[in-house]
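Take a look at the structure below.
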Amino acid sequence: MNSMKIRRTTIAVAAAALLPFSVAACSDSGSDTQAAPSATADDAAKATESTSADDAMTGDQPFGPACAGVPKEGAGSFDGMAKDPVATAASNNPALSTLVAAVQKAGLVDTLNNAEDITVFAPTNDAFAKIPKADLDKVLADKATLTKILTYHVVGQKLTPKQLENGSFETLQKGMVTTTGSGESYKVNDTANVVCGNVKTANANVYIVDTVLMPK
């Protein structure tokens with residue numbers, strides 16, 4: 001009997017000694033479980049912030065050195081151009097006045113404005129100035145040739161900068177243009193630099209280039 005009492009007493013003492021550690025362990029485990037969701041939430045918030053930052057850098061914003069010359073307000077601004085179809089939008093951009101005059105001479109205003117989801121590689125006034133005046137005047141006076149050149153600058157889909165990294169696209173003129181580059185630096189046909197890219201209009205993505213593209 002005495003030995004049984006001693007054994008029971010020993011077990012009781014041992015249980016009493018272990019109980020605080022068990023409670024502490026459960027308490028620690030509980031606090032870990034509560035902390036985990038907090039850490040997960042923080043990670044998710046950081047991931048969201050990182051994604052937002054990446055989108056801001058590589059998303060839908062125009063890029064390139066010539067973008068600085070685009071009006072900040074009004075119909076010729078990026079916001080203004082986004083509201084108009086492409087030929088109308090271009091007519092409000094001072095740097096594209098020669099292109100607009102050429103489009104008008106070729107009778108392509110309605111064609112471009114009524115097209116859906118296109119990309120236009122739009123030469124600047126300086127791009128047209130690279131062509132000898134006599135040659136340019138001759139082209140502007142020849143509607144068929146002018147139409148071929150202008151429609152060679154138009155692709156029948158909206159192209160993102162990512163698609164320009166190593167692309168080959170059929171134009172409305174039925175010829176092909178090639179594009180290369182990355183980040184904010186792209187070339188078309190290895191000759192024309194994109195100087196202001198990813199400009200949105202109501203029906204087109206516009207990449208302003210520094211050289212007139214010639215059909216091959």
Side-chain angles (χ1 to χ4, degrees), residues 62-71 74-78 80-81 84-115 118-159 161 164 167-181 184-201 203-216:
F63 62 83
C67 291
V70 173
S77 67
F78 292 128
M81 291 179 72
D84 291 322
V86 65
T88 302
S91 70
N92 294 318
N93 187 319
L96 301 177
S97 60
T98 304
L99 172 63
V100 171
V103 168
Q104 291 171 343
K105 280 183 174 291
L108 293 174
V109 172
D110 289 341
T111 300
L112 294 178
N113 276 348
N114 294 327
I118 59 175
T119 293
V120 177
F121 295 103
T124 62
N125 296 343
D126 289 341
F128 280 100
K130 293 180 181 180
I131 302 173
K133 187 177 184 306
D135 293 341
L136 180 59
D137 288 344
K138 184 177 180 180
V139 168
L140 292 174
D142 183 342
K143 186 175 179 178
T145 300
L146 182 60
T147 298
K148 287 180 181 179
I149 293 173
L150 293 176
T151 53
Y152 183 66
H153 289 74
V154 184
V155 173
Q157 60 177 306
K158 283 186 176 181
L159 300 177
L164 300 187
S168 180
F169 309 99
E170 185 178 14
T171 69
L172 296 192
Q173 181 266 340
K174 301 304 182 184
M176 301 295 293
V177 292
T178 59
T179 57
T180 56
E184 296 187 356
S185 178
Y186 297 93
K187 278 184 174 291
V188 184
N189 287 355
D190 293 325
T191 57
N193 296 296
V194 174
V195 293
C196 184
N198 208 29
V199 178
K200 308 293 175 128
T201 75
N203 67 328
N205 286 351
V206 178
Y207 294 88
I208 300 174
V209 294
D210 66 356
T211 302
V212 176
L213 306 174
M214 292 297 179
K216 298 177 181 179

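Remember, it's a predicted structure, so these values are computed and weren't measured experimentally. Worth knowing before you read on, the calculation uses all heavy atoms, side chains too, and leaves out hydrogens, waters and symmetry mates. Each residue takes its place number in the sequence, starting with 1.
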Considering non-hydrogen atoms only, spot the tightest contact between [X] and [Y] and give its length.
X	Y	value
Phe63	Pro161	CE2-CG, 3.7 Å
Leu140	Lys105	O-CD, 3.7 Å
Met176	Tyr152	O-OH, 2.8 Å
Gly76	Pro71	O-CD, 3.5 Å

Backbone of [Y] reached by a side-chain donor or acceptor of [X] within 3.5 Å:
X	Y	result
Asn189	Thr191	no
Lys130	Asp210	yes
Tyr207	Leu159	yes

Asn125-Thr98 side chain donor-acceptor pair, cut-off 3.5 Å:
yes
No-hydrogen, no-angle side-chain donor-acceptor test under 3.5 Å, Asp190 and Thr178
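No, Thr178 and Asp190 have no side-chain donor paired with an acceptor closer than 3.5 Å.
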State, with a plain yes or no, whether a side-chain heavy atom of [X] is found less than 4.5 Å away from one of [Y].
X	Y	result
Thr211	Phe121	no
Asn93	Ile208	yes
Thr151	Thr171	no
Met214	Ile131	yes
Leu99	Leu150	yes

Is it true that atom NZ of Lys138 has more than 12 heavy atoms of other residues, nucleotides or ligands lying nearer than 6.0 Å?
no
Return yes when atom NZ of Lys187 has more than 12 non-hydrogen atoms of other residues, nucleotides or ligands closer than 6.0 Å, and no otherwise.
yes
Side chains of residues 142-149: which donor-acceptor pairs under 3.5 Å do they make with residues two or more places apart or in other chains?
{"residue": "Asp142", "atom": "OD1", "partner": "Ala144", "partner atom": "N", "Å": "3.3"}
{"residue": "Asp142", "atom": "OD1", "partner": "Thr145", "partner atom": "N", "Å": "3.3"}
{"residue": "Asp142", "atom": "OD2", "partner": "Thr145", "partner atom": "OG1", "Å": "2.8"}
{"residue": "Thr147", "atom": "OG1", "partner": "Lys143", "partner atom": "O", "Å": "2.8"}

Under the side-chain contact (heavy atoms from CB on, under 4.5 Å) rule, what do His153 and Val212 come out as? Steps first, then yes or no, please.
CA-CA 8 Å; His153 289 74; Val212 176; 3.9 Å; yes
Donor-acceptor pairs are to be reported for all side-chain atoms of residues 85-92 against protein atoms at under 3.5 Å, with residues two or more places apart or in another chain.
{"residue": "Thr88", "atom": "OG1", "partner": "Asn113", "partner atom": "ND2", "Å": "3.1"}
{"residue": "Ser91", "atom": "OG", "partner": "Thr88", "partner atom": "O", "Å": "2.5"}
{"residue": "Asn92", "atom": "ND2", "partner": "Thr88", "partner atom": "O", "Å": "3.3"}

To the nearest 0.5 Å, how far apart are [atom1] in [X] and [atom2] in [Y]?
X	Y	atom1	atom2	result
Lys158	Ile118	NZ	CD1	9.0 Å
Met81	Leu96	CE	CG	6.0 Å
Asn198	Glu184	CG	CD	10.0 Å
Gln173	Lys216	CD	NZ	11.5 Å

For Thr179 and Phe169, run side-chain contact (heavy atoms from CB on, under 4.5 Å): C-alpha distance rounded to whole Å, both residues' side-chain angles, the deciding distance at 0.1 Å, then the answer.
CA-CA 8 Å; Thr179 57; Phe169 309 99; 3.4 Å; yes
